[in-house]
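Below is one structure, written out as structure tokens, with a few remarks after it.
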Amino acid sequence: MSSKIWSLTQMAGIILRRCASRTLLSPSGAKGIRIRGTNRDHWTTLRRTATTLTTGGAAFLLGVPTLSCLGYEAYHRVHGSAVVHALEKEEVLEQADYLYSCAETEKLYQLLLKYKDSDDAEFLWRLARASRDLSELPNMEDGRKKQLIFEGFEFAKKALEKDEKCFAAHKWYAVCLSDVGEYEGVKVKIGNSYIIREHLEKAIELNPKDATSLHILGYWCFAFAELPWYQRKVAAVIFSSPPTSTYEEALGFFLKAEEVDPDFYSKNLLMLGKTYMGMKDKQKALFYLTKAKEYPAHTLEDKAVHKEAVDLLKKLG
């Protein structure tokens with residue numbers, strides 16, 4: 001029984017891991033880095049060197065002088081006051097998004113931590129994201145990791161309280177709630193799944209053009225659609241009415257994400273392939289798995305996607 005429960009929680013636990021917070025390179029691998037996560041419907045484009053994502057090399061912000069990630073910290077000295085003037089706010093958020101694009105996680109966290117008492121959701125949801133990104137760094141001590149995860153959830157919760165119309169606050173509340181569930185037991189985790197879906201749906205309602213929210217909700221649906229019957233029975237014992245979904249529902253969200261932003265994420269292409277496999281549509285599964293395999297592997301996650309796509313293609317023959 002315990003192994004089945006563990007299998008169920010592992011499935012639930014992967015729903016919101018990493019996919020919401022990664023920094024993506026453009027599909028061509030040459031045009032720029034996409035910065036996800038503002039409540040405005042746009043991507044900020046950066047020209048980059050091949051090492052920008054991993055080393056914080058030189059990059060350009062549109063309309064901003066050429067500065068390295070390290071040098072940019074000196075560009076504007078922020079103030080710790082919770083009351084931020086409009087111009088200062090824009091400059092701080094611009095700096096925060098730049099540091100995020102360079103994967104300068106520790107610098108970003110320290111910058112935003114000065115605004116932990118802010119009443120502005122724009123600072124708070126970014127701080128929630130920075131807290132969980134910091135918790136994901138390699139070799140993070142377990143106690144500190146847990147502290148950062150719960151801290152991130154509190155920031156996301158506060159962001160939502162301050163502005164319930166901020167789509168990013170809903171998205172990061174959902175992500176952080178999933179993270180917290182790893183420490184709170186199976187029943188709480190499954191119960192939280194309903195809440196997670198509600199907030200992802202709200203994020204999409206507020207910003208239908210956010211491809212990552214669509215992808216995460218598709219992943220949510222896929223995870224529950226894929227549960228075998230015996231794990232569903234275990235879930236029903238633990239929780240009287242566990243969440244359910246279908247491959248068709250998952251497919252709708254993955255396809256919508258591609259419609260909003262084609263080829264934005266290697267994992268979305270992989271999940272399309274896996275969803276079509278679940279639906280026994282071999283031709284379309286082959287198409288998307290091939291696209292996932294051929295996606296430029298700029299990150300460790302892209303490399304993992306490439307490997308899984310190759311393995312699945314071998315199974316399909």
Just checking, any donor-acceptor pair under 3.5 angstrom between side chains of E301 and Y265?
yes
R129 NZ/CZ over Y100 ring centroid, <6.0 Å and within 45° of normal
yes
In Å and rounded to the nearest 0.5 Å, what is the OG1 to CG distance from T275 to L255?
8.5 Å
Pairs meeting criterion side chain to side chain donor-acceptor pair (under 3.5 Å) with involvement of residues 308-317, two or more places apart:
K274-E308, K307-D311
When hydrophobic residues are tied together by side-chain contacts of less than 4.5 Å, even through go-betweens, does Y183 share a cluster with L177?
yes
Under the side-chain contact (heavy atoms from CB on, under 4.5 Å) criterion, do K284 and L272 qualify, and how do the steps go?
CA-CA 9 Å; K284 289 181 180 177; L272 277 164; over 6 Å; no
Indicate, with yes or no, if L300 and F264 share a hydrophobic cluster defined by side-chain heavy-atom contacts under 4.5 Å among Ile, Leu, Val, Met, Phe, Trp and Tyr.
no
Does the side chain of V310 reach to within under 4.5 Å of the side chain of L313, using non-hydrogen atoms?
no
Residue set satisfying side-chain hydrogen bond (donor to acceptor under 3.5 Å, both in side chains) with E205, at least two apart, ordered chain then number -> K202
Test side-chain contact (heavy atoms from CB on, under 4.5 Å) on Y219 and K267 and set out the steps.
CA-CA 10 Å; Y219 210 116; K267 190 65 171 286; 3.6 Å; yes
State the CD1-CD1 distance between I190 and I196, to the nearest 0.5 angstrom.
11.5 Å
Does V188 belong to the same Ile/Leu/Val/Met/Phe/Trp/Tyr cluster as Y173, with side-chain heavy atoms less than 4.5 Å apart forming each link?
no
d(R132 CZ, F153 CZ) to nearest 0.5 Å is 13.0 Å
So, for F254 and H215, is the gap between ring centers shorter than 6.0 Å?
yes
Can you confirm whether more than 12 heavy atoms, excluding those of E141, are under 6.0 Å from its CD atom?
yes
Measure the shortest side-chain to side-chain distance between W172 and F155 over non-hydrogen atoms and say whether it is less than 4.5 angstrom.
no
What pair of heavy atoms forms the shortest contact from L286 to T290, and how long is it?
O-OG1, 2.7 Å
Should E91 and Q95 be marked as a side-chain hydrogen bond (donor to acceptor under 3.5 Å, both in side chains) after you check the CA-CA gap, both sets of side-chain angles, and the distance that decides it?
CA-CA 6 Å; E91 290 175 337; Q95 182 181 2; over 6 Å; no
So F123 and K114, do their side chains get closer than 4.5 Å, heavy atoms only?
no
When hydrophobic residues are tied together by side-chain contacts of less than 4.5 Å, even through go-betweens, does F253 share a cluster with V305?
no
Y295 side chain to D263 main-chain N or O, any donor-acceptor pair under 3.5 Å?
yes
Ionic contact status for K209 with D261, cut-off 4.0 Å:
no
If the condition is side-chain hydrogen bond (donor to acceptor under 3.5 Å, both in side chains), which residues does E249 pass it with, not counting sequence neighbours?
R197, S245
Would M279 end up clustered with L312 when hydrophobic side chains under 4.5 Å apart are linked, directly or stepwise?
no
Between CG on residue L200 and OG on residue S178, distance to nearest 0.5 Å:
9.5 Å
Counterpart residues, side-chain hydrogen bond (donor to acceptor under 3.5 Å, both in side chains), relative to K282 (two or more places apart):
none
Nearest heavy-atom neighbours spanning L289 and L316
CD1-CD1, 3.6 Å
Please report the C-alpha distance between L214 and E259 in whole Å, then the side-chain angles of each, then the deciding distance to 0.1 Å, and finally whether the side-chain contact (heavy atoms from CB on, under 4.5 Å) criterion is met.
CA-CA 10 Å; L214 290 161; E259 178 185 331; over 6 Å; no
I149 and V180 have their tightest heavy-atom pair at CG2-N, 3.9 Å
Value for CG (N268) from OH (Y288), rounded to nearest 0.5 Å, stands at 9.0 Å
Taking the side chain as C-beta and beyond, is there a heavy-atom pair between K145 and E136 under 4.5 Å?
yes
Say whether, by atom type as modelled, one donor and one acceptor occur between the side chain of E104 and the main chain of K107 under 3.5 angstrom.
no
H306 side chain near L270 side chain, heavy-atom distance below 4.5 Å
no
What do you reckon, is CD of E164 surrounded by more than 12 foreign heavy atoms closer than 6.0 Å?
no
Which heavy atom of H199 sits nearest to which heavy atom of H170, and what is that distance?
ND1-ND1, 3.0 Å
Please confirm whether Y276 and F287 have ring centers closer than 6.0 angstrom.
no
Walk me through whether K189 and E184 qualify under salt bridge (Lys or Arg N to Asp or Glu O under 4.0 Å).
CA-CA 7 Å; K189 190 176 185 66; E184 295 190 328; over 6 Å; no
Apply side-chain contact (heavy atoms from CB on, under 4.5 Å) to L148 and Y109, showing your working.
CA-CA 11 Å; L148 286 165; Y109 176 77; 3.9 Å; yes
Which pairs pass salt bridge (charged side-chain N to carboxylate O under 4.0 Å, His left out) with one or both residues in residues 150-162, sequence neighbours excluded?
D119-K162
For the residue pair W220 and P243, establish whether any side-chain heavy-atom pair is separated by less than 4.5 Å.
yes
d(L160 CG, K165 NZ) to nearest 0.5 Å is 11.5 Å
Check N192 against G181 and note the closest heavy-atom contact, atom names and distance.
ND2-CA, 4.4 Å
Heavy-atom closest contact (T105 atom, A130 atom, distance)
CG2-O, 4.2 Å
Excluding sequence neighbours, so at least two apart, what forms side-chain hydrogen bond (donor to acceptor under 3.5 Å, both in side chains) with E294?
none
Between D210 and T212, does the side-chain hydrogen bond (donor to acceptor under 3.5 Å, both in side chains) criterion hold? Intermediate values first, please.
CA-CA 6 Å; D210 183 50; T212 60; 3.1 Å; yes
Heavy-atom check, side chain of C176 versus side chain of F150, under 4.5 Å
no
